[in-house]
Undergrad: 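Dropping the structure in here first, questions after.
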Amino acid sequence: MNRWPDPDHALQALARIVSGCEGVQIAMLASRDGRPFVWRSAVAGDSGKLAAMTSSLTALGRTVLRELNAGELDHLLVEGQDGKLVLVGVPGLDGLLVLAVLAERRARLGLVLGHARMCVRALAPGA
Amino acid sequence: MNACHKLVFIGEPGAGKTTCIAALSDIAPVTTDVGCTDDLARRKASTTVALDYGEMDLGEQGMLRLYGLPGQERFRFMFDVVRDGAMGLVVLVDAASAQGLDGLAGTLATYADELRQRPFVLCLNKHPDPPMAFRERCMAMLRDQGLVAPLLVIDARSRSDLAQVFRMLCLLLDHGDYPVLDGERGGA
């Protein structure tokens with residue numbers, strides 16, 4: 001049985017990242033099979049494509065860690081010259097949802113990751 | 001050193017791509033399945049969201065590297081990830097399902113441009129002898145997209161059937177007229 005969080009509650013959590021963490025452009029929750037759940041953005045973007053890529057990246061990350069006997073996936077970071085993407089799963093939902101946060105280059109990675117962790121904890125069952 | 005050949009499997013969700021690679025691979029297959037969260041869950045519990053990977057030893061003919069892609073159009077970008085070096089594509093169709101034709105239509109709509117540039121084989125799976133009307137409808141759907149390809153009825157879990165698909169792709173490469181794409185054409 002999938003336990004989807006309340007969408008309004010989830011949107012509020014995403015809004016806190018976009019407005020509260022400097023340089024964050026997009027925050028979205030994607031289902032594990034690649035569909036957008038909720039999305040907050042300060043810039044234009046394709047939520048469907050980002051959700052699908054979030055799902056693929058997360059699955060590949062888990063697969064690589066499994067092949068390397070490196071334990072469970074904690075987070076994924078994809079960093080480029082002009083931006084960075086952080087992916088973190090929402091705990092307690094059996095991998096149902098993954099948070100994707102896209103930030104500008106100037107954004108501090110530690111802050112982005114910290115906000116992302118706070119967000120997924122707030123969305124966990126019983127939070 | 002024997003040659004390596006790269007085969008890419010595409011097709012609707014449930015056409016048998018993951019099962020095929022799991023059955024044929026000589027190594028433990030790499031999988032990226034997750035539980036379905038949409039209507040597809042009524043038909044199958046899990047779906048591939050990145051790729052499947054396996055390897056099949058062909059003896060003197062070399063080694064086949066098998067890549068299976070997700071069936072949903074939203075994962076179309078994964079084709080760009082795996083296409084370099086592919087000798088050809090295998091389009092799998094679930095010939096035992098009433099949704100097989102709809103699935104093929106979706107696959108062709110998503111990949112028609114790529115299929116025009118590469119050899120591919122249309123493989124009817126999961127049915128030992130699909131009705132002639134089903135086969136003819138599949139060929140008509142190809143023609144409607146301006147595509148031409150051999151149609152094979154296979155059991156995608158069968159090594160001999162996949163070897164036949166490989167030989168067919170080799171024939172297409174040898175005698176077909178395909179644009180040479182940078183970094184592609186398999187081999188080595």
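All heavy atoms count here, side chains included; hydrogens, waters and symmetry mates do not. Chain naming here is simple, since letters A, B, ... match the order of the sequence lines and numbering starts at 1 in each.
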Undergrad: Honestly curious: do B/I10 and B/L108 fall in one hydrophobic cluster under the side-chain, below-4.5 Å linking rule?
TA: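 In one cluster with B/I10: B/L108, yes.
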Undergrad: At what distance, to the nearest 0.5 angstrom, does CE of A/M53 lie from CE of B/M78?
TA: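 Atom-to-atom, A/M53:CE and B/M78:CE are 11.5 Å apart.
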Undergrad: Under a 4.5 Å side-chain heavy-atom rule over Ile, Leu, Val, Met, Phe, Trp and Tyr, are A/L11 and A/M28 clustered together?
TA: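 Unlinked, A/L11 and A/M28 end up in two clusters.
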Undergrad: Over all heavy atoms of both residues, which pair between B/F77 and A/S56 is shortest? Give the atoms and the distance, please.
TA: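 Distance-wise, the nearest heavy atoms are CZ-OG, 3.4 Å.
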Undergrad: Using only non-hydrogen atoms and a strict under-4.5 angstrom cutoff, which residues of residues 125-137 of chain B touch chain A?
TA: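 Expected list: none.
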Undergrad: So, the side chain of B/R74 versus the backbone of A/G48: is there a donor-acceptor pair under 3.5 Å, distance only?
TA: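 Not a single qualifying donor-acceptor pair exists.
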Undergrad: Between B/M139 and B/V91, is there shared hydrophobic-cluster membership here, with clusters defined by ILVMFWY side-chain heavy atoms closer than 4.5 Å?
TA: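 Yes, B/M139 connects to B/V91 through the hydrophobic network.
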Undergrad: Suppose a student defines contact as a heavy atom less than 4.5 Å from any heavy atom of chain B. Which residues in residues 103-119 of chain A would they list?
TA: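 Listed by number: none.
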Undergrad: Do A/V88 and A/I17 share a hydrophobic cluster, counting only Ile, Leu, Val, Met, Phe, Trp and Tyr and linking them when any side-chain heavy atoms are less than 4.5 Å apart?
TA: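 Yes, because A/V88 and A/I17 connect within a single hydrophobic cluster, where side-chain heavy atoms sit under 4.5 Å apart.
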Undergrad: Quick check on A/S55 against chain B: is it the side chain, the backbone, both or neither that has a heavy atom closer than 4.5 Å?
TA: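 For A/S55, backbone and side chain are both near chain B.
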Undergrad: Does B/I154 belong to the same Ile/Leu/Val/Met/Phe/Trp/Tyr cluster as B/L89, with side-chain heavy atoms less than 4.5 Å apart forming each link?
TA: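 They do not share one cluster, since no chain of ILVMFWY contacts under 4.5 Å joins B/I154 to B/L89.
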Undergrad: I'd like to know if the side chain of A/D33 and the backbone of B/T37 have a donor-acceptor N/O pair within less than 3.5 Å.
TA: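 Confirmed, A/D33 side chain pairs with B/T37 backbone.
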Undergrad: Using only non-hydrogen atoms and a strict under-4.5 angstrom cutoff, which residues of residues 59-81 of chain A touch chain B?
TA: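 So the qualifying residues are A/A59, A/L60, A/T63, A/R66, A/E67.
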Undergrad: Quick one: which residues of residues 47-57 of chain B reach chain A at under 4.5 angstrom, heavy atoms only?
TA: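 Listed by number, the contacting residues are B/T47, B/V49, B/A50, B/L51.
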